[in-house]
Number of protein chains: 2
Amino acid sequence: MSGPATASVTWQSVRAEALRRIRTREWPPGALIPKEAEIAEELGCARATVNRALRDLAEAGYLDRRRKGGTRVTETPVRRAVFDIAIIRHEVEQSGASYGYALLVDRMERLPEDLAALLDQPPGTRWRRVIALHSAGKRPFCLEDRWLNPVLVPQKRADFTASSANEWLVRNVPFTGGELSFQARKADTALASRLGCARGNAVFAVERITRTDDAAVTAVTLTYAPGYRLTTTLG
Amino acid sequence: MSGPATASVTWQSVRAEALRRIRTREWPPGALIPKEAEIAEELGCARATVNRALRDLAEAGYLDRRRKGGTRVTETPVRRAVFDIAIIRHEVEQSGASYGYALLVDRMERLPEDLAALLDQPPGTRWRRVIALHSAGKRPFCLEDRWLNPVLVPQKRADFTASSANEWLVRNVPFTGGELSFQARKADTALASRLGCARGNAVFAVERITRTDDAAVTAVTLTYAPGYRLTTTLG
DNA sequence: TCGCATAATAAGTCTATACTTAATGGGCCG
DNA sequence: CGGCCCATTAAGTATAGACTTATTATGCGA
């Protein structure tokens, strides 16, 4: 009823072969490639196997697939960079340094107007504001300036004196979406003194807003000490 | 989608249900969840459908799966941010501005020692160096400072006076790997004049090395004018 | 000739089944 | 008691077949 038990063509091998054809331009950019059934017959496997392989290549940005339209090689493959958003403690520990944490501010404050708008909060809303410093060895590593939705993260339930809001949130408030942005900033006097660097230094800043289905959970700005690099591998 | 006539349970619906259970802590962090066959029976679908759903959640970082070990909920879900590495022209055009391009330098130069090491080239190797400015409207947008492997990108074959190396490479040299890093830098005099900003301004810099299986293809530093933000959505 | 209904098509998906592979844990032997 | 081998287990994968759905092409009528 089924084919030979051993000779199976794996979806990885189909993927590899398809990628080879793309790289060698046997299937040039923009070209329509044979349909699944044809490739399956050619390589001697089931259509589902080809489907798995081509779907994977499509996810990776090498192919564009459309029902009825067939599959074509992407004209200009969009490369994706993937960053893992780690817990800062892990990031520090992974670099070999010992991790330090200090809570600097934890109080209720009125949201700045622009931020309130981004968070879908009426102007003047008071949220919990937490500022903390993460350090690597004796050096400041990253300043965390965070606003928290007090409904979801009341002061009595979450205490950030010993460990950061970062970790508490990861474990306690699953989020469903948000935005992330990176930018370069000049350190002002306050920031420079907290990060232990000269005023005017260029620092790397990450802004992140996190939401659940219903409401915004938190908005945070992470400002890293000068010299920080965010690195990843292209696959 | 959830048609009554077509009673089939889709893998998306299984995924959604599993995610719901993770979010509601019905399956708390660290817990072992039922095995595929059990879930399949419970939801009334084939095991392959459950497999597809759980595999997807594992890829997204919600689950850890191991043969024989079963599937458990990730203790601290690692969130991933995905950035599309666009062609700079597209990035500018998408913002609504008109794109401008100017080639500033194109000559053979000796690789700096540290870069040569990164690129697996013997010290003193001469590569093609290209410097170009991308602009949005009348404003400088991004300075591209690039080194190219002259074997793969000889000057006679690739002319960058009219369009950038960026686009030529995407279309002509498929790459298989590389590294990417982001950082904040202070603009020195040369950079400031080219980007049309004040000296000492904080600028966002992207460094990228691109390789084929055999050899390094190119190393590039993209320095964006002050105010640039790299943004993405968290899913 | 234009516009719309319809047929054709290729990918998307579900199912049932069977086999493979990586771990795990227990039992046997030294 | 310790270590190794093997049975067991749960995920991983392959397959054939059938059905769904988005999209394109076509042909008919106004």
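So you know, we letter chains A, B, ... as the sequences are listed, proteins then strands, and number each from 1.
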(message) If you apply the rule side-chain contact (heavy atoms from CB on, under 4.5 Å), what do you find for B:Tyr62 with B:Asp64, and how did you get there?
(response) CA-CA 7 Å; B:Tyr62 291 104; B:Asp64 285 327; over 6 Å; no
(message) Does A:Arg20 form a salt bridge (charged side-chain N to carboxylate O under 4.0 Å, His left out) with A:Glu26? I'd like the steps, not just the answer.
(response) CA-CA 8 Å; A:Arg20 190 191 65 73; A:Glu26 190 175 326; 3.5 Å; yes
(request) Assess whether side-chain contact (heavy atoms from CB on, under 4.5 Å) is satisfied between A:Phe160 and A:Val153, documenting all intermediate values. (result) CA-CA 11 Å; A:Phe160 303 141; A:Val153 192; 3.9 Å; yes
(request) Might you work through the side-chain contact (heavy atoms from CB on, under 4.5 Å) test for B:Leu148 and B:Leu169, ending with a clear yes or no? (result) CA-CA 10 Å; B:Leu148 292 152; B:Leu169 284 166; 3.8 Å; yes
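For D:dG12, one of the phosphate oxygens OP1 or OP2 lies less than 4.0 angstrom from a side-chain nitrogen or oxygen of B:Asn51. A close approach under 4.0 Å does occur between a side-chain nitrogen or oxygen of B:Thr49 and OP1 or OP2 of C:dT15. Look at A:Arg52 and you'll find a side-chain N or O under 4.0 angstrom from OP1 or OP2 of D:dT13.
Classification of the A:Phe141-A:Tyr224 ring pair by plane angle, with boundaries at 30° and 60°, yields perpendicular.
Spacing between atom CZ of A:Arg55 and atom C1' of C:dA10 amounts to 15 Å, rounded to whole angstrom units. Atom C1' of nucleotide D:dA10 and atom CD1 of B:Ile33 are separated by 12 Å, given to the nearest angstrom. Between the CG atom of B:Leu54 and the P atom of D:dT13 there is a distance of 13 Å, given to the nearest Å. If you take CG of B:Leu43 and C1' of C:dT15, they are 15 Å apart, rounded to a whole angstrom. Atoms CD (A:Glu41) and C1' (D:dA14) sit 18 Å apart, rounded to a whole Å. B:Trp11 has its CH2 atom 11 Å from the C1' atom of C:dG12, to the nearest Å.
B:Arg47 contributes a side-chain N or O that forms a donor-acceptor pair with the base of D:dG12 under 3.5 Å.
Residues forming a ring pair (Phe, Tyr, Trp, His ring centres under 6.0 Å) with A:Tyr99 (at least two apart in sequence, or on another chain): A:His134.
You'll find that the side chain of B:Lys35 is closest to D:dA11, out of C:dT13, D:dA11, D:dT15.
Nucleic acid contact class of B:Gln12 (heavy atoms, under 4.0 Å, all strands): sugar-phosphate only.
Along DNA chain D, the nucleotide nearest to A:Thr10 and the one nearest to B:Glu36 differ in position, and the one closer to the 5' end is contacted by B:Glu36.
Counting only distance, with no hydrogens or angles, the side chain of B:Ser135 and the backbone of B:Lys138 share no donor-acceptor pair below 3.5 Å.
Taking every heavy atom of residues 59-71 of chain B and every atom of DNA chain C, pairs under 4.0 Å involve B:Arg66, B:Arg67, B:Lys68, by number.
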